[in-house]
Amino acid sequence: MAKKPGIPKGTRDFTPEEVNKRNYIIETIRGQFQLYGFQPIETPSFENSETLLGKYGDEGDRLIFRILNSGDFLRKAGAEAIENRDSNSLAAQISEKALRYDLTVPFARYVVMHQNEIDLPFKRYQIQPVWRADRPQKGRFREFYQCDADVVGSDSLWQEVEFVKLYDAVFNELNLKGVSIKINNRKVLAGLAEIIGASDKLIDFTVALDKLDKIGEEGVKNEMLEKGIHQDAIDRIQPLFAFQGSNEERLDQLEAMLKDSVEGMKGVEELRFIISRVAGLGTKASSLEVDVTLARGLNYYTGAIFEVAAPEGVAMGSIGGGGRYDDLTGIFGLKGVSGVGISFGLDRIYLVLEELGLFPESVVEQTKVLIINFGDEEAYYGMKLLESLREQGIKAELYPDAAKMKKQMNYANKRNVPYVILAGTQEMNDGTYTLKNMRTGTQETVKMDAIPYLG
RNA sequence: GUGGUUGUAGCUCAGCUGGUUAGAGCGCUGGAUUGUGGUUCCAGAGGUCGCCGGUUCGAACCCGGUCUUCCACCCCA
């Protein structure tokens with residue numbers, strides 16, 4: 001007997017129902033991307049290792065799936081690395097390809113390679129799976145979809161405003177209310193580090209600050225101390241731990257703290273612009289909130305930083321993120337091209353919609369009409385009807401076998417098919433068919449050429 | 001990558017300090033009902049107890065390893 005099959009940790013099969021629901025989300029996002037003027041591209045599922053490695057920090061490198069070379073690669077590998085059991089050195093010699101880790105770096109690579117065909121500013125969207133060798137948890141997989149929209153070649157803050165509106169439009173169409181779009185700015189974080197004399201510890205400082213809602217004020221302070229940030233420096237940012245009020249009030253407080261930092265003040269100014277314009281334009285399903293503790297993607301973000309939190313009460317990590325990276329393509333040799341973009345986490349949005357029961361019923365309904373099969377002659381009769389139904393755009397099918405009535409009805413019932421058509425010798429003689437509503441149980445016999453109204 | 005947790009029928013779960021042929025509900029198949037499903041009744045099928053090894057007269061239960069699940073770190077969609 002063959003061993004029971006399985007799939008790798010952190011991957012999933014999707015049932016027809018799940019695929020339908022996923023497609024509903026994808027089509028909603030895709031539709032809004034197009035409405036906002038983004039154009040689709042796709043990139044390979046794997047890239048040259050050197051394209052990816054070193055772009056996401058040490059932590060990121062660890063999570064990149066690497067692809068073993070083909071052939072007898074060990075023969076060519078350096079004996080030294082094997083002898084010393086040096087995995088890192090050996091890996092570089094026996095693996096030269098790696099699975100895509102996100103969609104942003106491949107996009108940067110794309111822009112550089114296609115720079116002569118692209119008209120700047122270039123707005124692209126991309127909906128594809130990415131892979132991370134992470135340890136799975138709820139809402140965290142090793143294979144998952146990102147839905148990205150980015151613009152390169154424009155420094156305008158109107159892009160940031162547009163992205164907030166885009167987020168809002170998608171969540172509104174998905175009927176997902178109460179989403180919170182958090183925004184921060186790398187320059188503000190850099191300014192804070194600067195005024196406390198910890199510019200060299202920017203990453204440690206912000207990573208600690210980012211954990212405020214998780215480990216609390218004391219936890220954050222302890223972590224900062226552990227990272228070598230002095231107590232008197234921490235005291236100077238004390239107001240951060242008691243940040244309150246409206247976005248404007250928070251920005252006022254920030255400004256007061258950052259008045260001696262040119263960079264910090266620039267960050268506040270940028271935030272002010274985005275906040276005020278979005279406030280003026282309004283949002284439907286989500287709210288935009290300044291969150292000074294937000295510190296994601298610091299390895300490449302240089303301006304705005306976005307993170308999207310599910311509505312309150314839903315235990316889920318962020319369902320989206322993004323930000324601005326000046327010089328996005330610099331790592332691949334094309335200087336002076338700024339990029340800004342956002343990402344939707346399809347798999348997490350799915351879990352949130354599922355938890356809140358927000359999938360429309362129509363997403364699951366597939367076939368509208370099932371024609372019962374009483375035998376070849378009757379099936380032939382039914383086929384003619386099938387054709388006209390399909391011409392009307394009504395999803396319809398014939399039960400392929402002349403199985404027992406009960407079995408066929410049961411099949412329709414379990415698959416949630418709302419209508420069944422019965423056409424046997426009686427109907428064939430009269431030139432009619434019988435249409436049964438499976439929800440109400442009522443049925444009527446109508447002329448063969450009458451297309452049913454299926455409400 | 002670190003620490004913990006989970007795994008028994010298709011699904012959700014019982015299963016006593018280790019002791020005969022491992023159970024329930026739901027689902028599934030067939031029948032009651034030869035052109036009428038969802039309700040009801042009757043009958044039936046389905047499990048190498050995640051996998052490998054060990055302890056024991058005897059293991060679903062104890063021990064070790066491994067895979068998987070979920071959780072906390074790390075990090076992140």
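Remember, predicted model here, so these are calculated numbers, not experimental data. What you see below is based on every heavy atom in this structure, not just the backbone, and it leaves out hydrogens, waters and symmetry mates. Proteins get letters first, then strands, A, B, ... in listed order; numbering begins at 1 in each.
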| Got a minute to check which stems RNA chain B is part of, using Watson-Crick or G-U wobble pairs under 3.5 Å, three or more consecutive? | B:1-4 with B:70-73, B:10-13 with B:23-26, B:28-32 with B:40-44, B:50-54 with B:62-66
| Euclidean distance for C1', B/rC26 against B/rC63 (whole angstrom) | 36 Å
| said: I'd like the P distance from B/rG25 over to B/rU36, given in whole Å. | reply: 30 Å
| message | Taking 5.5 Å and 30° as the limits, would you call A/Y145 and the base of B/rA77 a stacked pair? | response | no
| task | For A/D148 and A/Q126, indicate whether the former's side chain and the latter's backbone hold a donor-acceptor pair under 3.5 Å. | result | no
| message | Regarding A/G441, tell me which of base, sugar-phosphate or nothing describes its non-hydrogen contacts under 4.0 Å with the strands shown. | response | base
| task | Carefully, step by step, assess A/S180 and A/S287 under the rule side-chain hydrogen bond (donor to acceptor under 3.5 Å, both in side chains). | result | CA-CA 5 Å; A/S180 144; A/S287 58; 4.9 Å; no
| query | Under 4.0 angstrom, heavy atoms only, what part of the nucleic acid is A/G139 near: base, sugar-phosphate, or nothing? | reply | base
| message | Is there, by distance only and without an angle test, a donor paired with an acceptor across the side chain of A/R135 and the base of B/rC70 below 3.5 Å? | response | no
| Counting N and O atoms only, with roles assigned by atom type, does the side chain of A/D61 sit under 3.5 Å from a partner on the main chain of A/L53, one being a donor and the other an acceptor? | no
| request: Using ring-ring contact (aromatic ring centres under 6.0 Å, His included) as the criterion, point out the one residue from A/F33, A/F38, A/Y36, A/F344 that pairs with A/F163. | output: A/F38
Would you tabulate the pairs of protein nitrogen or oxygen atoms and nucleotide nitrogen or oxygen atoms of nucleotides 40-44 of chain B closer than 3.5 angstrom?
none

| task | Find out whether the Lys NZ or Arg CZ of A/K384 is both under 6.0 angstrom from the six-membered ring centre of A/Y381 and within 45° of the ring's axis. | result | no
| task | Classify the side-chain pair A/Y125/A/Q34 by whether it contains a donor and acceptor separated by less than 3.5 Å. | result | yes
| request: Record whether the side chain of A/N413 comes under 3.5 Å of the base of B/rG37 through a donor-acceptor pair of N or O atoms. | output: yes
| task | Please determine if A/R124 forms a cation-pi arrangement with A/Y110, meaning its NZ or CZ atom is less than 6.0 Å from the six-membered ring centre and no more than 45° off the ring axis. | result | no
| request: Mind checking A/V207 for me? I need base, sugar-phosphate or nothing, with any heavy atom below 4.0 Å counting as a touch. | output: sugar-phosphate
| said: Work out how far the C1' atom of B/rU17 is from that of B/rC13, and round it to whole angstrom. | reply: 23 Å
| message | Is the positively charged end of A/K55 above the ring of A/Y101, judged by distance under 6.0 angstrom from the centroid and angle within 45° of the axis? | response | no
| For A/Q146, which contact category applies under a 4.0 Å heavy-atom criterion: base, sugar-phosphate, or nothing? | sugar-phosphate
| request: State whether A/Q408 places a side-chain N or O below 4.0 Å from either non-bridging phosphate oxygen (OP1 or OP2) of B/rU36. | output: no
| query | Between B/rU56 and B/rA9, how far is it from one P atom to the other, in whole Å? | reply | 30 Å
| message | Suppose we screen for side-chain hydrogen bond (donor to acceptor under 3.5 Å, both in side chains). Which residues come up paired with A/N184, at least two apart in sequence or across chains? | response | none
| task | Please state the C1' separation for the pair B/rA60 and B/rA43 - nearest whole angstrom. | result | 29 Å
| For B/rC28, does OP1 or OP2 lie under 4.0 Å from any side-chain N or O of A/K414? | yes
| said: At 4.0 Å (heavy atoms only), tell me whether A/G320 reaches a base, stays on the sugar-phosphate, or touches nothing. | reply: sugar-phosphate
| query | Has the side chain of A/N222 got a donor or acceptor atom that lies under 3.5 Å from a matching backbone atom of A/E218? | reply | yes
| Integer-rounded Å distance: B/rC71 P and A/D134 CG | 13 Å
| What integer number of Å spans the P atoms of B/rU2 and B/rC67? | 12 Å
| request: To the nearest Å, give me how far apart CD (A/E143) and P (B/rA77) are. | output: 17 Å
| field | Euclidean distance for C1', B/rG1 against B/rC57 (whole angstrom) | value | 45 Å
| query | If we take the C1' atom in both B/rU6 and B/rC74, what is their distance in whole Å? | reply | 22 Å
| Can you check whether A/K404 has a side-chain N or O nearer than 4.0 Å to OP1 or OP2 of B/rG35? | no
| query | Atom CZ of A/R12 and atom P of B/rC70: how far apart are they, to the nearest Å? | reply | 10 Å
| query | Between A/K407 and B/rU36, is there a side-chain N or O to OP1/OP2 distance below 4.0 Å? | reply | no
